[in-house]
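Heads up: the structure comes next, in structure tokens.
Note that this is a predicted model, so its numbers are computed, not measured. Convention: sequence-line order gives letters A, B, ...; per-chain numbering from 1.
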Amino acid sequence: MASKEELIQELTDAIISCKKDRVLEAVEKAKGVMEPSEIIEKGLAAGMNEVGTLFERGKLFLPHVMMAADAMTAGVQVLEAEMPAGEQKKKMGVIVNGTVEGDVHDIGKSIVSTMLQSAGFEVHDIGRDVPIRDFVNKAKEVNADMIGLSALMTTTLPGQKEVIELLKEEGMRDRVKVMVGGAPATQAWADKISADCYAENASEAVAKAKELIVKK
Amino acid sequence: MATEYALRMGDGKRIFLSKEKILEELEAGSADAADLGEIPTLSGNEIDKVAEILMMPGKTVSVEQGMEVPVTHDIGTLRIDGDQGNSGVGIPSSRLVGCMMHERAFGADTMELGHIDYSYKPVKPVISNECQAMEVCQQNMIVPLFYGAMPNMGLYYTPDGPFENPGDLMKAFKIQEAWDSMEHSAEHLTRDTIWIMQKLMASGSDGVNFDTIGAAGDGDFFGSLHAIEALRKEFPNIYIEAGMAGECVLGMHGELKYDGTTLAGLWPHQQAPLAAKAGASVFGPVCNTNTSKTSPWNLGRAVTFMKAAVKASTIPCHVDMGMGVGGIPMLETPPIDAVTRASKAMVEIAGVDGI
């Protein structure tokens with residue numbers, strides 16, 4: 001019989017392989033030996049973290065991240081059926097993500113949305129060149145925990161500040177966290193406009209979103 | 001107190017660093033590139049030489065005599081007549097005047113004609129206008145004049161084009177549909193670029209500049225390489241510059257290959273041989289500037305990547321130097337102290353053939 005360490009390794013490797021059948025097979029094998037929550041945290045989630053690292057290093061690519069996330073979801077669904085109601089995996093949080101008005105850059109923001117979604121957040125990607133008001137309206141509509149603001153140009157960066165100002169005007173700033181990113185953004189910029197955090201890349205965006213929304 | 005030298009952060013902010021700190025940052029930047037690209041770090045002597053360049057007292061610096069390199073200018077004449085708040089100084093001038101200013105006043109060794117939209121796809125409906133402008137410019141200029149634009153494969157996705165946005169498809173776990181969308185877009189990108197350049201070559205263009213290849217990921221690189229290959233076959237003497245969008249090819253598709261090599265995740269030294277294989281005359285490698293890091297960190301990293309690209313390339317490498325690339329801070333008007341220091345380091349240490 002495989003040891004717990006071997007089963008954890010098998011679960012992690014299965015997620016990195018991005019193959020759903022392999023993940024389900026590893027989950028079935030681990031079920032009799034490990035608790036469902038342990039299988040999720042030490043095996044599947046650890047595998048997704050490794051997928052994130054490999055993505056950042058250019059060893060795995062966006063479709064692979066999505067396939068791994070899909071496989072993890074399938075594995076979690078199998079396990080949740082056997083878990084007591086209180087222990088079932090809770091939604092990580094709701095995030096509205098978009099590129100600010102005047103900026104048509106899409107890819108970086110899309111990668112961040114994909115990585116947040118694959119980490120378990122409910123993500124509402126509202127596109128690029130998004131009017132300031134639309135961020136706030138969407139956040140109200142979906143009761144968002146966080147707004148993600150991307151900008152790839154120094155000239156559109158002030159749009160991030162304008163969204164924060166509008167959140168204040170609407171009395172929503174205390175309950176909606178704001179994350180900023182994009183090549184010209186820095187921690188100093190985030191501090192200056194009173195954003196809650198700055199993320200340099202997609203993996204960091206996931207880590208910081210988890211930290212902020214859990215703290216919240 | 002140790003002497004401190006005036007340098008910059010990647011976002012252009014002025015900072016002051018001691019020699020020890022500069023060396024430390026250069027080593028860290030070089031190590032980062034070496035780690036990501038699996039390439040050698042700069043040697044101790046090379047690090048010292050970059051540090052020496054960074055610590056030079058003049059506001060601007062230049063290469064040693066005899067080490068001058070050709071300077072190719074991209075983005076057409078938009079830096080002159082453009083006034084969109086990002087690039088351009090808003091001086092009213094025709095494209096002919098702009099091209100001739102680059103040739104006769106700014107010392108550009110080659111120049112490029114480009115349209116205000118600066119992507120190949122939107123050139124299609126204005127092709128006659130572009131052909132006429134090319135003919136007029138060619139009749140007035142001596143330096144080689146190319147036509148240039150961005151492959152910009154994103155323009156083939158919704159809401160700008162006919163194919164569904166792969167980002168949206170992937171978020172809905174429709175991976176196969178996303179792959180199909182990217183493959184169709186790449187085919188259209190190749191076809192449009194060839195068609196546009198057939199017209200412009202008939203109007204006297206000396207060549208083509210692919211500016212920011214890979215901006216939409218590996219599909220963009222794939223479509224551009226096939227366009228280069230077809231243009232080389234049809235026009236054996238065409239000058240083709242293949243300039244990249246970023247240091248690493250984003251794996252939006254992940255499975256596309258050219259000449260048996262998976263395109264996603266390639267670094268400059270791995271991109272260069274493929275550009276040469278497709279038929280490019282010159283390769284334009286890129287290293288992105290991290291706005292949160294110091295200029296020594298960024299320059300150490302950029303020189304490390306470019307040195308490896310130059311070594312691996314069988315065609316000349318004209319490094320992309322400007323706002324937010326090549327170790328230069330990300331500012332609308334890049335500071336001259338940083339531009340000249342980074343350029344000198346690229347020529348004298350990375351060994352680039354042009355800028």
Side-chain angles (χ1 to χ4, degrees), chain A residues 18 20 54-71 73-74 97 102-118 123-125 127-129 152-158 181-190 192 198-202 204, chain B residues 9-13 35-37 84-87 152 154-155 157-160 165-176 178-179 182 215-218 220 245-256 262-267 288-293 323-325 329-332:
Chain A
C18 310
K20 199 188 285 187
L54 291 167
F55 173 78
E56 286 304 330
R57 296 186 62 81
K59 304 292 181 197
L60 275 184
F61 309 110
L62 209 53
H64 307 131
V65 174
M66 289 314 292
M67 287 191 271
D70 194 25
T73 304
N97 199 34
D103 198 323
V104 296
H105 292 95
D106 193 50
I107 285 186
K109 175 269 304 165
S110 281
I111 292 172
V112 170
S113 291
T114 306
M115 295 294 280
L116 287 168
Q117 187 183 329
S118 68
V123 181
H124 297 268
D125 186 330
R128 76 304 200 263
D129 192 12
L152 197 75
M153 303 195 295
T154 50
T155 48
T156 54
L157 209 49
T186 59
Q187 185 59 52
W189 167 251
K192 190 175 173 181
Y198 154 73
E200 190 175 304
N201 53 46
E204 202 173 296
Chain B
M9 290 297 288
D11 64 356
K13 186 183 163 197
D35 176 42
L36 288 169
Q84 302 160 307
N86 51 358
S87 49
N152 200 358
L155 288 183
Y157 303 150
T158 50
D160 300 310
N165 193 313
D168 295 339
L169 289 167
M170 267 190 275
K171 285 194 279 286
F173 294 102
K174 294 179 178 172
I175 307 296
Q176 186 59 52
W179 279 334
M182 283 183 261
D218 47 349
D220 193 307
E247 60 197 27
C248 184
V249 179
L250 287 172
M252 300 301 288
H253 186 294
E255 309 276 325
L256 290 171
T262 300
L263 300 177
L266 295 184
W267 297 94
N288 302 98
T289 294
N290 184 326
T291 49
S292 300
K293 299 283 190 180
M323 172 185 173
V325 289
M330 190 164 191
L331 282 176
E332 293 81 19

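- Only the side chain of A/K59 comes within contact range of chain B, with at least one heavy atom under 4.5 Å from a heavy atom of that chain.
- No part of A/A188 comes within reach of chain B, as not one of its non-hydrogen atoms sits under 4.5 angstrom from that chain.
- Rounding to the nearest 0.5 angstrom, the gap separating the CG atom in B/D11 from the CD atom in A/Q187 is 12.0 Å.
- Taking CD1 of B/I175 as the reference point, atom SG of A/C18 lies at 9.5 Å (rounded to 0.5 Å).
- For chain A, the option among B/A264, B/G167, B/G265 with the highest count of heavy-atom pairs below 4.5 Å is B/A264.
- Contact detail for A/R57 and B/W267: the closest heavy-atom pair is O-CZ2, 4.4 Å.
- For the pair A/T186 (side chain) and B/S292 (backbone), a donor-acceptor distance under 3.5 Å is absent.
- Neither the backbone nor the side chain of B/D168 comes within less than 4.5 Å of any heavy atom of chain A.
- Under the ring pair (Phe, Tyr, Trp, His ring centres under 6.0 Å) criterion, A/H64 pairs with A/F61, sequence neighbours left out.
- In terms of heavy atoms, A/L152 sits closest to B/M330 at O-CE, 3.4 Å.
- Interatomic distance, CG of A/D70 versus CE of B/M170, reported as 13.5 Å (0.5 Å rounding).
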- Message: Apply side-chain contact (heavy atoms from CB on, under 4.5 Å) to residues A/V104 and B/D160 and explain how you reach the verdict.
- Response: CA-CA 11 Å; A/V104 296; B/D160 300 310; over 6 Å; no
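- By the 4.5 Å heavy-atom criterion applied to side chains, A/E200 and B/N290 are counted as neighbours.
- For the options B/G12, B/G251, B/G254, heavy-atom pairs under 4.5 Å to chain A are most numerous at B/G251.
- At a 4.5 Å heavy-atom cutoff, the contact between B/L250 and chain A is made by side-chain atoms alone.
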- Audit row: A/V123, B/K171, side-chain contact (heavy atoms from CB on, under 4.5 Å) steps and yes/no: CA-CA 9 Å; A/V123 181; B/K171 285 194 279 286; 5.5 Å; no
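- Within the 4.5 angstrom heavy-atom criterion, only backbone atoms of B/A215 (N, CA, C, O) approach chain A.
- Looking at every heavy atom in both residues, B/F173 comes nearest to A/Q117 through CE1-NE2, 3.7 Å.
- Residues A/I107 and B/A216 approach most closely at CD1-CA, 3.2 Å, considering heavy atoms.
- Comparing B/G217, B/P166, B/P159 by how many heavy-atom pairs each has under 4.5 Å with chain A, the most go to B/P159.
- Of the two parts of A/L60, neither the backbone nor the side chain holds a non-hydrogen atom closer than 4.5 Å to a non-hydrogen atom of chain B.
- For A/F55, no part lies under 4.5 angstrom from a heavy atom of chain B.
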